[in-house]
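So the structure is just underneath, and the comments pick up after that.
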Amino acid sequence: METLLKKLQNAHDSQELESIRIEALGKKGIITQKFSELRNLEGEEKKNFAQKLNEIKQNFETIYHAKKIDLKTLELKASLEKEKIDPTLFQSRTHRSIGHPISYTKDRIIDYFMQLGYELCIGPLVEDDFHNFAALNLPEYHPARDMQDTFYFKDLMLLRTHTSPVQIRTMQSQTPPIKMICPGPTFRRDYDLTHTPMFHQVEGLVVDNDNKASFANLKYTLEDFLKYMFGDVKVRFRSSFFPFTEPSAEVDISCVFCKGNGCRVCSNTGWLEVLGCGVVDEYVFEAVGYKNVSGYAFGMGIERLAMLTCNVNDLRSFFETDLRVLEQF
Ligand code: DAH
């Protein structure tokens, strides 16, 4: 018995400890076998022997449990030492990604305008007719409403077809000067290679007292923005029409794929249309009760910019959550 206790005390690890326990208390263990000798004894002798055996067993177990805790603590310490990780080690198979191209592009646009002091605004996705159309100079009978295939609810409520209603909401809740951008989802009933029923736009609006916000400011800002987004591209303003701006323009950049020489993506024109803009129409200011102010606005599709910067040709792949596509960015 003495040797067993000595062995216990000198055990080096849990495994050795366990084998000593089995040697003592296992089915054929030394102590277990001693217990079976009890059946050959009787009376006082049996009682004394049983008592002695129980003491020995208890003594063994006390030392065993204390030793077990000691060894476990030591082993845990040793394994923590050994398994220490070095977070600076290079792991070549880790996927580093820019995130989803839509969020990446949206964040880049926001970064640019916020550095110029634009405020980030949001508006509801379920809009009313006034904010989405009427206040933007698109009355009920206006043909431009046909361009926007709208998801309608009851009572002239609808899913906003563009982010322009946030212009109206911002002007209603603030006073000039205003300098805001609004990124967010928009909805139209459309689905093909270049259209999805849900897509994203970024709206921009600048309003100042008197004549401070001019078309020249707008032109400078957008040209600089497009160079920030696309690098060394040419930018051109093409006269266009939007009911809420006068004059209005569409903005093109020289094709990022063929450098303006003409290719399939730019339909051999050398130019890619990237956004719409203009000087805020007097009618819009009237709708929100503004007087003696000037302003300009612009709107762009985030998917369109993401397709051009990330070189994606099927818009739908942005929304199919296929990791093989997303891992490429
Ligand atoms: N709302 C327009 C659209 O969805 C985009 C747009 C064009 C917004 C010109 C503007 C703007 O603020 O000035 O097609």
Side-chain angles (χ1 to χ4, degrees), residues 106 109-110 113 118-125 127 129-139 142-151 158-172 178-190 194-208 213-223 225-226 235-253 272-285 287-288 290 293-305 315:
K106 182 181 80 181
I109 300 171
I110 293 175
F113 286 102
Y118 281 64
E119 181 197 357
L120 195 61
C121 291
I122 50 165
L125 308 188
E127 262 299 1
D129 183 88
F130 175 76
H131 290 91
N132 197 78
F133 292 128
L136 289 160
N137 198 19
L138 279 143
H142 199 291
R145 283 197 180 193
D146 281 349
M147 295 184 329
Q148 312 201 328
D149 287 30
T150 310
F151 290 104
L158 46 91
L159 284 177
R160 69 179 183 193
T161 56
H162 50 177
T163 40
S164 302
V166 186
Q167 287 190 32
I168 305 297
R169 291 191 176 274
T170 310
M171 286 192 275
Q172 283 177 323
I178 289 172
K179 235 170 132 180
M180 75 86 175
I181 51 160
C182 166
T186 48
F187 307 85
R188 290 183 205 174
R189 299 159 66 111
D190 233 341
T194 49
H195 297 91
T196 46
M198 191 278 299
F199 55 103
H200 300 82
Q201 289 190 338
V202 177
E203 192 77 15
L205 173 72
V206 173
V207 181
D208 212 335
S214 68
F215 197 87
N217 298 148
L218 168 70
K219 205 164 167 239
Y220 175 83
T221 308
L222 291 181
E223 251 182 65
F225 163 69
L226 290 169
V235 178
R236 80 174 180 191
F237 285 67
R238 233 178 337 99
S239 172
S240 183
F241 171 78
F242 298 104
F244 34 90
T245 44
E246 178 59 38
S248 306
E250 276 172 314
V251 185
D252 301 336
I253 54 169
L272 297 165
E273 183 197 321
V274 283
L275 53 86
C277 64
V279 169
V280 179
D281 195 295
E282 208 41 53
Y283 180 92
V284 176
F285 286 141
V288 294
Y290 274 16
V293 292
S294 62
Y296 54 81
F298 52 88
M300 60 191 103
I302 301 182
E303 279 78 2
R304 172 103 176 121
L305 299 196
L315 175 62

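Ligands are counted one by one from 1 in listed order, and the atoms in each one are counted from 1 as well.
Applying the 4.0 Å criterion to heavy atoms of Gly278 picks out, from ligand 1, the atoms 13 (O). Per-residue contacts place Ser164 under 4.0 angstrom from the following atoms of ligand 1 (heavy atoms of the residue considered): 1 (N), 8 (C). Against a heavy-atom cut-off of under 4.0 Å, Ala297 is close to the following atoms of ligand 1: 12 (O), 13 (O). Annotation for ligand 1: atoms under 4.0 Å from non-hydrogen atoms of Gln167 are 12 (O).
In this structure, the side chains of Tyr283 and Glu246 stay at 4.5 Å or more apart for every pair of heavy atoms. Between Met198 and Arg188 the shortest side-chain heavy-atom distance does not fall below 4.5 Å. Proximity of Tyr290 to Gln172: side-chain heavy atoms (C-beta onward) are nowhere separated by under 4.5 Å. Annotation: side chain of Cys277 is in contact with side chain of Phe237 (closest heavy-atom distance under 4.5 Å).
Between the side chains of Glu303 and His200, at least one donor N or O lies within less than 3.5 Å of an accepting N or O. In the model, Thr196 has no side-chain atom that pairs as donor or acceptor with a side-chain atom of Asp190 under 3.5 Å.
Distances between N or O atoms of Phe242 and those of ligand 1 include no value under 3.5 Å. Checked against a 3.5 angstrom limit, the closest N/O atoms of Thr245 and ligand 1 fall outside it.
With respect to the salt-bridge test (charged N to carboxylate O, under 4.0 angstrom), the residues Arg236 and Glu250 do not qualify.
Proximity of Cys277 to ligand 1, defined as any heavy-atom pair under 4.0 Å, is confined to the backbone N, CA, C and O atoms. At a heavy-atom distance under 4.0 Å, no atom of Arg160 approaches ligand 1. Residue Tyr296 does not touch ligand 1, judged by heavy-atom distances below 4.0 Å.
Nearest-heavy-atom check against atom 14 (O) of ligand 1 across Glu250, His162, Glu203, Arg188 picks out Arg188.
At least one heavy atom of Gln201 sits less than 4.0 Å from an atom of ligand 1.
Residues Phe113 and Phe225 place their aromatic rings such that the two centres sit under 6.0 Å apart.
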